[in-house]
Q: 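Following this message is one structure expressed as C-alpha cells.
These numbers come from the heavy atoms of this one structure, side chains and all, not from hydrogens, waters or symmetry mates. This is a predicted model, so every value here is computed, not measured.
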Amino acid sequence: MPFVRVETNMKIESAEADAFVAKLSEFTSIALGKPEVYVTVMLHQNVNMLLSGSNEPAAFVTLGSISLQSDKCSELSEKFCGFIYKEFLIPGSRVVIEFRDLERSMFGWDGRTF
C-alpha cells in the first residue's frame, strides 16, 4: 500500500497537476514493484516552503510503503529526485525525501488492515 505525497512551493496548473499525479502513480508502482491499484499519490502545491533558507522551487516528498527496505532508499532517492526534476525542473539538491516503512497492522484499507 505505497503512498507518495509531494509538497512543493511551485504553483502548478490544474491539467499539469492531474497529469503529474497520474505519472507519479505509475512511476511509484514500477519503482517499488507493487501493483498500481494499491498506490496513493497526493500533490500539495503552492505551499509556503523554504529549503536551505531559500524559497526557490523545492519539494518535500513523503514515500511510505509496507516492507520498504532501508537498503533500497538510496536508489529510490535517486529515482524520485530524477522524476521530480524531469517533471518540474527542481534539482535534487532542492528535493527532500522522507521514507517510511509501514507496519501491516498499522495501515488500513477497505475496512481492514494489511
Side-chain angles (χ1 to χ4, degrees):
M1 195 65 176
F3 78 88
V4 180
R5 180 175 50 237
V6 176
E7 299 169 85
T8 182
N9 55 356
M10 294 181 61
K11 183 173 172 101
I12 301 159
E13 297 301 323
S14 181
E16 188 180 1
D18 289 343
F20 173 77
V21 294
K23 289 180 202 174
L24 182 58
S25 180
E26 179 181 16
F27 176 83
T28 301
S29 171
I30 293 167
L32 296 178
K34 299 200 176 185
E36 190 175 5
V37 68
Y38 295 120
V39 176
T40 301
V41 298
M42 295 164 269
L43 173 63
H44 297 271
Q45 53 147 320
N46 202 27
V47 299
N48 296 331
M49 178 186 298
L50 286 179
L51 177 58
S52 301
S54 169
N55 65 356
E56 291 179 34
F60 186 89
V61 179
T62 305
L63 172 61
S65 183
I66 294 170
S67 301
L68 184 62
Q69 300 169 358
S70 62
D71 63 339
K72 300 287 185 191
C73 291
S74 181
E75 175 185 336
L76 290 169
S77 179
E78 183 178 349
K79 287 180 179 183
F80 277 83
C81 284
F83 181 83
I84 297 293
Y85 181 78
K86 179 181 171 193
E87 295 298 316
F88 296 136
L89 299 178
I90 299 174
S93 62
R94 303 284 304 157
V95 177
V96 175
I97 304 173
E98 175 188 15
F99 296 100
R100 296 182 184 178
D101 180 17
L102 307 172
E103 294 183 39
R104 291 182 179 281
S105 63
M106 299 299 287
F107 209 74
W109 178 67
D110 197 20
R112 61 187 190 275
T113 60
F114 285 87

Q: Under 3.5 Å, which donor-acceptor pairs link side chains of residues 70-78 to any protein atom two or more places apart or in another chain?
A:
| unit_1 | atom_1 | unit_2 | atom_2 | d |
| --- | --- | --- | --- | --- |
| Glu75 | OE2 | Lys79 | NZ | 3.1 |

Q: Please list, chain by chain and in numerical order, all residues satisfying salt bridge (charged side-chain N to carboxylate O under 4.0 Å, His left out) with Arg112, sequence neighbours excluded.
A: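 Arg112 satisfies salt bridge (charged side-chain N to carboxylate O under 4.0 Å, His left out) with Asp110 only.
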
Q: Just to verify, what does Ser65 make a side-chain hydrogen bond (donor to acceptor under 3.5 Å, both in side chains) with, not counting sequence neighbours?
A: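 Ser65 satisfies side-chain hydrogen bond (donor to acceptor under 3.5 Å, both in side chains) with Lys34 only.
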
Q: Where the side chain of Arg94 meets the backbone of Pro57, is there a donor-acceptor pair that is under 3.5 Å apart?
A: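 Side chain of Arg94 to backbone of Pro57, a donor-acceptor pair under 3.5 Å: yes, one is there.
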
Q: Looking at residues at least two apart in the chain, or sitting in another chain, which of them share a salt bridge (charged side-chain N to carboxylate O under 4.0 Å, His left out) with Glu98?
A: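 If we apply the salt bridge (charged side-chain N to carboxylate O under 4.0 Å, His left out) test to Glu98, skipping adjacent residues, the hits are Arg100.
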
Q: Taking transitive links into account, so neighbours of neighbours count too, which hydrophobic residues share a cluster with Met106 at under 4.5 Å side-chain distance?
A: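 Hydrophobic cluster check, Met106: no partners found.
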
Q: Pairs of donor and acceptor atoms involving the side chains of residues 46-55, under 3.5 Å and at least two apart or interchain, shall be tabulated with distances.
A:
| unit_1 | atom_1 | unit_2 | atom_2 | d |
| --- | --- | --- | --- | --- |
| Ser54 | OG | Glu56 | N | 3.1 |

Q: Using a side-chain heavy atom cutoff under 4.5 Å and only I, L, V, M, F, W and Y, what cluster partners does Tyr85 have?
A: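 In the cluster with Tyr85 are Leu89.
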
Q: According to ring pair (Phe, Tyr, Trp, His ring centres under 6.0 Å), who are the partners of Tyr38, at least two apart in sequence or on a separate chain?
A: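 So Tyr38 forms a ring pair (Phe, Tyr, Trp, His ring centres under 6.0 Å) with Trp109.
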
Q: Would you please name every residue forming a side-chain hydrogen bond (donor to acceptor under 3.5 Å, both in side chains) with Ser29, sequence neighbours left out?
A: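 For Ser29 there are no side-chain hydrogen bond (donor to acceptor under 3.5 Å, both in side chains) partners, ignoring immediate neighbours.
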
Q: Could you name each residue pair satisfying side-chain hydrogen bond (donor to acceptor under 3.5 Å, both in side chains) that touches residues 11-24, not counting sequence neighbours?
A: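 Residue pairs passing side-chain hydrogen bond (donor to acceptor under 3.5 Å, both in side chains), neighbours aside: Lys23-Glu87.
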
Q: Are the side chain of Thr113 and the backbone of Gly108 linked by a donor-acceptor contact shorter than 3.5 Å?
A: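 No; judged by distance alone, with no hydrogens or angles, the pair does not exist.
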
Q: Return the set of residues passing side-chain contact (heavy atoms from CB on, under 4.5 Å) with Ile30 (not counting sequence neighbours), or none when no residue passes.
A: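 Checked Ile30 against side-chain contact (heavy atoms from CB on, under 4.5 Å); matches are Glu26.
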
Q: With a 4.5 Å limit on heavy-atom distance, are the side chains of Leu32 and Leu63 in contact?
A: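 The answer is yes; the side chains approach within 4.5 Å.
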
Q: Do the side chains of Val4 and Val61 get nearer than 4.5 Å, heavy atoms only?
A: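 With C-beta onward as the side chain, the pair touches.
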
Q: How would you list, by chain and number, every residue that makes a ring pair (Phe, Tyr, Trp, His ring centres under 6.0 Å) with Phe83, sequence neighbours excluded?
A: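 Per chain and number, Phe83 pairs via ring pair (Phe, Tyr, Trp, His ring centres under 6.0 Å) with Phe20, Phe27.
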
